[in-house]
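Okay, structure first, notes after.
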Amino acid sequence: MKKIYFYNTLTKRKEEFIPLKDDTVGMYVCGITPYDSTHLGHARCYVVFDALRRFLKTVYKVKYVQNFTDIDDKIIAKSRSENVDWKEVSSKFIREYYRDIRRLGVEDADFAPKVSENIPEVIQAVAKLIENGFAYVLDGDVYYRVAKFRNYGRLSGRKTEELLPGARVEPDKRKESSLDFALWKKSVDDEPGWKSPWGRGRPGWHIECSVMSMKFIGETLDIHGGGQDLIFPHHENEIAQSEALTGKIFSRFWLHNGFVTVKNEKMSKSLKNFFRLADVLEKFSPSAIRFYLLSQHYRKPLDFSVSSLEEAEKNVERITRVLEEPAGAVVSKAEKDEADRIYEDFIAALCDDFNTPVAYSHFFSMLKLFNRSRLGYIKGRIEEMDKILNFLNLEKKDKKSPLPESEILRRINQRASARKSGDFGTADRIRDELLKKGIILEDTLRGTKWRVK
RNA sequence: GGUGGCGUACCCAAGUAGCAAGGGAGCGGUCUGCAAAACCGCCAUUCGUCGGUGCAAAUCCGACCGCCACCUCCA
């Protein structure tokens, strides 16, 4: 078995990955806050970690947890502006998330907990942090005492002294330090809230991930993943909370994916340059979108453009077309060896910090090998690769034929007769006519095939 | 201002010391009546610029130029 290496944000280098518990990987990925539509940036994160999960599954069992932060200030704000219950807001966007992300071949998490359904556990954790001196109550709010946690800033490479003066947010004068963050927020008026020892309130932003990952996986995770924008403060704060609670390492590996960018700028609300996944799905096939999202190394930025999606669409079409060819059963040792070698290279690329671009290059080598030999064994190897990449079996571009099939077949028959009698002028005219209407004809050994342009 | 990252062919993109993967586009060939598809071949003496270290650098060091991200909600 090949050794697996991942770049660990915590140590800032590649490290060999071995799960804590012999054969099972505990993996937690920060899910969405369902206050708005899923966009391409989210899609990248979840497709990347889905592929990673599938890759790990070739060697280990994987317990994959991805949460929904379904109570939060942005959700409250949305519920006010839309004049609906906060629960309606979050459930609507959770539904949308599943509807769209599943089309990209993302398997549901083993556990997909919602904060609102884990309030007792949150309260318990907050109470314990107060008890051991890592948190303090301030008029219904509870804050984490950052100064008490020695390793604060290790993940994001920041020092607390540097963070203090640079804080651009208006400091809350009541807090002991501007770095202290809310574990529990007091709810006033009609804000949603739950009864707690500190009064009616709701969880602060970071506590849910600490609580739910530990509940479903355990005190120490093998892998914690998410977008690079979560490194600070979200993941830094998760570490502070969790390790203050357990005294154990919270996550052994921290994996962060790069942003989806538009003209090299991060996709974000304020720049109004974000693309809803649902909208992208209108224009491009799920298969091509997934192919595209995995085409770049996960830690690098991925620039979104129409032409890059079009290229992906073209690639997926070509791959599909090639794999539709019938495959023979007899395989020589030389061919089998070559296919096995390419497959090993493919896996080796993924073992090296999940290098999907290099894995793709081996995928194409295998495709070429299949095209030369047309062997079922090699096709099987390709399908095995796709157990990880998982774009082959997704919906392809829906190409509606501009003409009824019977009409196309009638013209093909006419052309066949013309060709038989050597009337190539007529044959070519028929082919050109169909091409103008968007039908491509291809003469093969097994007769004439047609497809939509 | 602090911290981190990036700059490789027409485009996308691997590679972090030993003669520059892969995909798209383009060009030539094979096949075909001709095409298409597929296959074969070609396509960066060069890796932002300038210096330095090394037998050897896209890869290490230094300076400079350009771009981006985080430090504030964010996948």
(request) Could you measure between the two P atoms, the one in G26(B) and the one in U16(B), and give it in whole Å? (result) 32 Å
(message) Below the 4.0 Å mark, does C39(B) have OP1 or OP2 next to a side-chain nitrogen or oxygen of N371(A)?
(response) yes
(message) At less than 4.0 Å, is any side-chain N or O atom of R318(A) found next to OP1 or OP2 of G23(B)? Yes or no.
(response) no
(message) Base, sugar-phosphate or nothing for K12(A)? Non-hydrogen atoms, less than 4.0 Å.
(response) nothing
(request) Please measure how far the C1' atom in C61(B) lies from the corresponding atom in A21(B), and state the result in whole Å. (result) 28 Å
(message) Tell me whether the side-chain N/O atoms of R321(A) come closer than 4.0 Å to OP1 or OP2 in A38(B).
(response) yes
(request) Taking atom C1' in both A58(B) and A37(B), compute the distance separating them and give it to the nearest angstrom. (result) 37 Å
(request) Look at E384(A) together with R381(A) and state whether they make a salt bridge at an N to O cut-off of under 4.0 Å. (result) yes
(request) Output yes when at least one side-chain N/O atom of N355(A) is less than 4.0 Å from OP1 or OP2 of G22(B), else no. (result) no
(message) Could you work out, with ring pair (Phe, Tyr, Trp, His ring centres under 6.0 Å) as the rule, every residue matching F216(A), not counting sequence neighbours?
(response) F111(A)
(message) Taking only the P atom of each, what is the distance from C68(B) to A63(B) in whole angstrom?
(response) 22 Å
(message) Distance alone, cut at 3.5 Å: any donor-acceptor contact between the side chains of Y28(A) and N67(A)?
(response) yes
(request) Can you tell me the distance, in whole Å, between the NE2 atom of H362(A) and the P atom of A13(B)? (result) 19 Å
(message) Need one value for D229(A): base, sugar-phosphate or nothing, where a base atom within 4.0 Å counts as base even if backbone is also close, heavy atoms only.
(response) base
(request) Among C40(B), A14(B), A75(B), find the nucleotide with the atom closest to the side chain of V358(A). (result) A14(B)
(request) Name all pairs fulfilling the ring-ring contact (aromatic ring centres under 6.0 Å, His included) condition that reach into residues 371-402 of chain A, sequence neighbours left out, sorted by first residue then second. (result) F291(A)-F391(A), F363(A)-F391(A)
(request) Determine the Euclidean distance between corresponding P atoms of U46(B) and G29(B); express it in Å to zero decimal places. (result) 29 Å
(message) How would you summarise protein contacts on nucleotides 25-35 of chain B per nucleotide, using B for base, S for sugar-phosphate only and - for none, with heavy-atom distances below 4.0 Å?
(response) S-------BBB
(message) Check R276(A) with E96(A), please: is the shortest side-chain N to carboxylate O separation under 4.0 Å?
(response) yes
(message) Measuring to OP1 and OP2 of C71(B), would you say a side-chain N or O of K159(A) lies under 4.0 angstrom away?
(response) no
(request) May I ask you to check whether F354(A) and Y7(A) place their ring centres under 6.0 Å from each other? (result) no
(request) Hunt down the Watson-Crick or G-U wobble partner of G28(B), both distances under 3.5 Å, from any strand shown, or write none. (result) C40(B)
(message) Going by the glycosidic torsion and a 90 degree boundary from 0, is the base of G62(B) oriented syn or anti?
(response) anti
(message) For A14(B) and K300(A) - does any side-chain N or O of the residue sit under 4.0 Å from the phosphate oxygens OP1/OP2?
(response) yes
(request) Kindly say if Q296(A) contacts the phosphate of A13(B), meaning a side-chain N or O under 4.0 Å from OP1 or OP2. (result) yes
(message) For the C1' atoms, the ones on A20(B) and on G15(B), what distance do you get once it is rounded to whole angstrom?
(response) 8 Å
(message) Say we look at G51(B) and C6(B): how far apart would their P atoms be, to the nearest angstrom?
(response) 24 Å
(request) Would you kindly give the CZ-to-P distance between F291(A) and A13(B), to the nearest whole Å? (result) 13 Å
(request) Sticking with atom P, work out how far G62(B) lies from G4(B), rounded to a whole angstrom. (result) 12 Å
(request) Determine the contact category for V48(A): base if any of its heavy atoms lies under 4.0 Å from a base atom, sugar-phosphate if only primed atoms, P, OP1 or OP2 are that close, otherwise nothing. (result) nothing
(message) Checking side-chain polar atoms at under 3.5 Å, does D70(A) have a donor or acceptor matched by the opposite partner on S116(A)?
(response) yes
(request) Select base, sugar-phosphate, or nothing to describe what G226(A) touches, counting heavy atoms under 4.0 Å on all strands. (result) sugar-phosphate
(request) Could you tell me whether Y46(A) contacts a base, only the sugar-phosphate backbone, or nothing, with contacts defined as non-hydrogen atoms closer than 4.0 Å? (result) sugar-phosphate
(message) Centre-to-centre under 6.0 Å for F284(A) and Y292(A), is that the case here?
(response) no
(message) Students often get this wrong, so: under 4.0 angstrom with heavy atoms, is K74(A) touching a base, only sugar-phosphate, or nothing?
(response) sugar-phosphate
(message) Using whole Å, what does the distance between atom P of nucleotide A38(B) and atom CZ of F364(A) come to?
(response) 11 Å
(request) Can you label the angle between the Y144(A) ring and the F149(A) ring as parallel, tilted or perpendicular, going by 30° and 60°? (result) perpendicular
(message) Counting the atoms with a prime plus P, OP1 and OP2 as sugar-phosphate, which does R372(A) contact under 4.0 Å by heavy atoms, base, sugar-phosphate, or nothing?
(response) sugar-phosphate
(message) Applying a 4.0 Å non-hydrogen cut-off, can you work out what G258(A) is touching in the nucleic acid: base, sugar-phosphate, or nothing?
(response) base
